[in-house]
*Asks:* 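The structure under discussion is supplied below as structure tokens; questions concerning it will follow.
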Amino acid sequence: MTLQEIIDDSKKIVFFGGAGVSTESGIPDFRSEDGLYRMKYAVPPEVMLGCDYFFSHPDDFYRFYRDKMLPLWAKPNAAHLKLAELERAGKLLAVVTQNIDGLHQSAGSHRVYELHGSVHRNTCLKCGKKYDAAFIARSEGVPHCTCGGMIKPDVVLYGEPLDGETVEGALAAISEADTLIVAGTSLTVYPAAGFVHAFKGKHLVLINRDPTPLDCMCELVLRGKVGEVLSGIIV
Ligand code: APR
């Protein structure tokens, strides 16, 4: 079956995405040739994005974070927009994303499970007061709350657990889906990558530029740009 035929045959689609869904919005992914983890830093980005590093070197963390993890200029691309259209048409149950850029919501998606949190939510570690991404972007050095407490982005750093409610919602949606479309992810980071195994439905589709460990289990594997592929879909 073609992707169009699969989508026509589906009533409860779930989309599981990664950084490759946002590269067509100008945001580099992590592990491709031009990905963030291939860039040379004194301290590897995977270390700088760790929970220990955040607390031991908050200045360095925020310098890297503002420079590379806060693309507030980015706009939703064709993939984000098509998924929002599929949700409006009642064909898509939910988006489950590993991305923290909020572009699915900007495109109009409502039921979005952000497994790794969001740059748009930031919390004072002392009093719990919330701050938006713009506050973090325009602050200098380590951002502090009016109460004096340090502010931390609500993103899942290496070594931190995923949010229980988000995990529950994402797994419930995937296990209810009749079609799971996995796209723009290398499926190398757990527990997120393991979520696809909760799928028990009819059609498993992969849209990814490079091979992944899931390829052999899919009914349909499309080697291409997810924005381009989805833009050709008629809802
Ligand atoms: N269309 C389709 N696939 C794409 C596109 C595109 N436009 N651009 C990139 N890709 C593919 C790449 O081939 C790659 O396999 O997307 C995948 C991106 O993989 P990663 O860079 O590993 O990103 P991701 O899988 O989201 O990483 C998971 O790792 O560092 C953590 O928390 C971070 O959420 C991230 C997690």
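Both counts, for ligands and for their atoms, begin at 1 and track the order of listing. In this text the structure is predicted, and so the values were computed from the model without any measurement.
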*Asks:* Under 4.0 Å, heavy-atom basis, I'd like to know which part of Arg209 is in contact with ligand 1: side chain, backbone, both or neither.
*Replies:*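 Answer for Arg209: both.
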*Asks:* Between Arg121 and Glu114, is there a side-chain N and carboxylate O pair less than 4.0 Å apart?
*Replies:*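 Salt bridge flag = yes for Glu114 with Arg121.
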*Asks:* Under a single-linkage definition using a 4.5 Å side-chain heavy-atom cutoff for Ile, Leu, Val, Met, Phe, Trp and Tyr, are Val167 and Val96 assigned to the same hydrophobic cluster?
*Replies:*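 Yes.
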*Asks:* I need the nearest protein heavy-atom contact for atom 32 (O) of ligand 1: residue, atom name and distance, please.
*Replies:*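 Here the nearest protein heavy atom works out to His116 ND1, 3.3 Å.
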*Asks:* Answer with yes or no whether the hydrophobic clustering places Ile13 together with Val226; edges join I, L, V, M, F, W, Y residues whose side-chain heavy atoms lie under 4.5 Å apart.
*Replies:*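 Hydrophobic grouping puts Ile13 with Val226.
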*Asks:* Give me the atom names and distance for the closest heavy-atom approach of Ala94 to Tyr113.
*Replies:*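 Looking at all heavy atoms of both residues, the shortest contact is CB-CE1, 3.8 Å.
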*Asks:* Which of the atoms in ligand 1, numbered in the order shown and given with their element, are less than 4.0 Å from a heavy-atom of Asp210?
*Replies:*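 Those qualifying, in numeric order: 12 (C), 13 (O).
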*Asks:* Could you report the tightest heavy-atom contact between Ser25 and Lys75, atom names first, then the distance?
*Replies:*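 Looking at all heavy atoms of both residues, the closest pair is OG-O, 2.7 Å.
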*Asks:* Report the part of Tyr158 in contact with ligand 1, treating N, CA, C, O as backbone and CB onward as side chain, heavy atoms under 4.0 Å; options are side chain, backbone, both, neither.
*Replies:*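 For Tyr158, the contact with ligand 1 is made by the side chain alone.
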*Asks:* For ligand 1, which atoms have a heavy atom of Tyr37 less than 4.0 angstrom away?
*Replies:*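 By the 4.0 Å cutoff, the relevant atoms are 30 (O), 31 (C).
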*Asks:* Run the numbers for me: atoms of ligand 1, each under 4.0 Å from some heavy atom of Asp29, listed by number.
*Replies:*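 Going through ligand 1 atom by atom, the ones under 4.0 Å from Asp29 are 9 (C), 12 (C), 18 (C), 21 (O).
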*Asks:* To the nearest 0.5 Å, how far apart are CG in Asp8 and OG in Ser10?
*Replies:*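 Between atom CG of Asp8 and atom OG of Ser10 there are 8.5 Å.
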*Asks:* Mind listing the side-chain donor-acceptor pairs of residues 145-161 below 3.5 Å, one per line with the distance, residues two or more places apart or on another chain?
*Replies:*
| residue | atom | partner | partner atom | Å |
| --- | --- | --- | --- | --- |
| Thr146 | OG1 | Lys129 | NZ | 3.4 |
| Lys152 | NZ | Val155 | O | 3.3 |
| Lys152 | NZ | Glu160 | OE1 | 3.3 |
| Lys152 | NZ | Glu160 | OE2 | 3.3 |
| Asp154 | OD1 | Thr123 | OG1 | 2.9 |
| Asp154 | OD2 | Thr123 | OG1 | 3.2 |
| Tyr158 | OH | Arg31 | NH2 | 3.3 |
| Tyr158 | OH | Tyr37 | OH | 3.3 |
| Glu160 | OE1 | Leu157 | N | 2.7 |

*Asks:* Any idea which protein heavy atom is nearest atom 33 (C) of ligand 1, and the distance to it?
*Replies:*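 The closest one turns out to be Phe30 CE1, 3.7 Å.
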*Asks:* Who gets closest to atom 11 (C) of ligand 1 by heavy atom: Asn208, Asn77, Val226, Val155?
*Replies:*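 Answer by nearest heavy atom: Asn208.
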*Asks:* My understanding is that we take every heavy atom of each candidate and find the minimum distance to atom 36 (C) of ligand 1. Doing that for Val21, Thr23, Val189, Ile207, which one comes out nearest?
*Replies:*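 Residue with the shortest heavy-atom distance to the ligand atom: Val189.
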*Asks:* List the closest protein heavy-atom neighbour of atom 6 (C) of ligand 1: residue, atom name, distance to the nearest 0.1 Å.
*Replies:*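 Nearest neighbour among protein heavy atoms for atom 6 (C) of ligand 1, to 0.1 Å: Gly20 O, 3.2 Å.
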*Asks:* What about Glu24: any of its N or O atoms under 3.5 Å from an N or O on ligand 1?
*Replies:*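 Looking only at distances, the answer is yes, because the N/O contact criterion of under 3.5 Å is met.
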*Asks:* Looking at Lys11, I'd like to know if its NZ atom is crowded, meaning that more than 12 non-hydrogen atoms belonging to other residues, nucleotides or ligands lie closer than 6.0 Å.
*Replies:*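 No, NZ of Lys11 has 12 or fewer neighbouring heavy atoms, counting only those of other groups under 6.0 Å.
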*Asks:* Counting non-hydrogen protein atoms only, what is the nearest one to atom 27 (O) of ligand 1? Give residue, atom name and distance.
*Replies:*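 Closest protein heavy atom to atom 27 (O) of ligand 1: Arg31 NH1, 3.0 Å.
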*Asks:* Can you report which non-hydrogen protein atom sits closest to atom 25 (O) of ligand 1, along with the distance?
*Replies:*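 Ranking protein heavy atoms by distance from atom 25 (O) of ligand 1, first comes Thr185 OG1, 2.8 Å.
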*Asks:* Among protein heavy atoms, which sits nearest to atom 23 (O) of ligand 1, and what does the distance come to when rounded to 0.1 Å?
*Replies:*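 Ranked first by proximity to atom 23 (O) of ligand 1 is Ala19 CB, 3.5 Å.
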*Asks:* So among Asn99, Ile100, Ile136, which one has a side chain to side chain contact (heavy atoms under 4.5 Å, CB included) with Val119?
*Replies:*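 The passing option is Ile100.
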*Asks:* When the aromatic ring centroids of Phe54 and Phe61 are compared, is their separation below 6.0 Å?
*Replies:*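 Ring centroids of Phe54 and Phe61 are less than 6.0 Å from each other.
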*Asks:* With heavy-atom distances below 4.0 Å as the criterion, list the atoms of ligand 1 near Gly18.
*Replies:*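 In order of numbering, the contacting atoms are 26 (O).
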*Asks:* May I ask whether Gly17 has any heavy atom positioned less than 4.0 angstrom from an atom of ligand 1?
*Replies:*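 No, Gly17 has no heavy atom closer than 4.0 Å to ligand 1.
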*Asks:* In the protein, what heavy atom is nearest to atom 28 (C) of ligand 1, and what distance, to one decimal place, separates them?
*Replies:*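 It is Gln98 OE1, 3.4 Å.
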*Asks:* Looking at every non-hydrogen atom in both residues, tell me the closest pair between Arg111 and Leu93 and how far apart they are.
*Replies:*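 That would be CD-O, 3.1 Å.
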*Asks:* Return the residue, atom name and 0.1 Å-rounded distance of the protein heavy atom closest to atom 2 (C) of ligand 1.
*Replies:*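 I find the closest protein heavy atom is Gly224 O, 3.1 Å.
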*Asks:* Does anything in residues 126-147 form a ring pair (Phe, Tyr, Trp, His ring centres under 6.0 Å)? List the pairs, not counting sequence neighbours.
*Replies:*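 Applying ring pair (Phe, Tyr, Trp, His ring centres under 6.0 Å) to every pair that reaches into residues 126-147, excluding sequence neighbours, yields Tyr131-Phe135.
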*Asks:* When you compare ligand 1 with Lys225, is there at least one nitrogen or oxygen pair between them that comes in under 3.5 angstrom?
*Replies:*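 No, Lys225 has no N/O under 3.5 Å of an N/O on ligand 1.
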*Asks:* Measure from atom 19 (O) of ligand 1 to every heavy atom in Ser186, Ser32, Gly184 and give the option owning the shortest one.
*Replies:*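 It is Ser186 that holds the nearest heavy atom.
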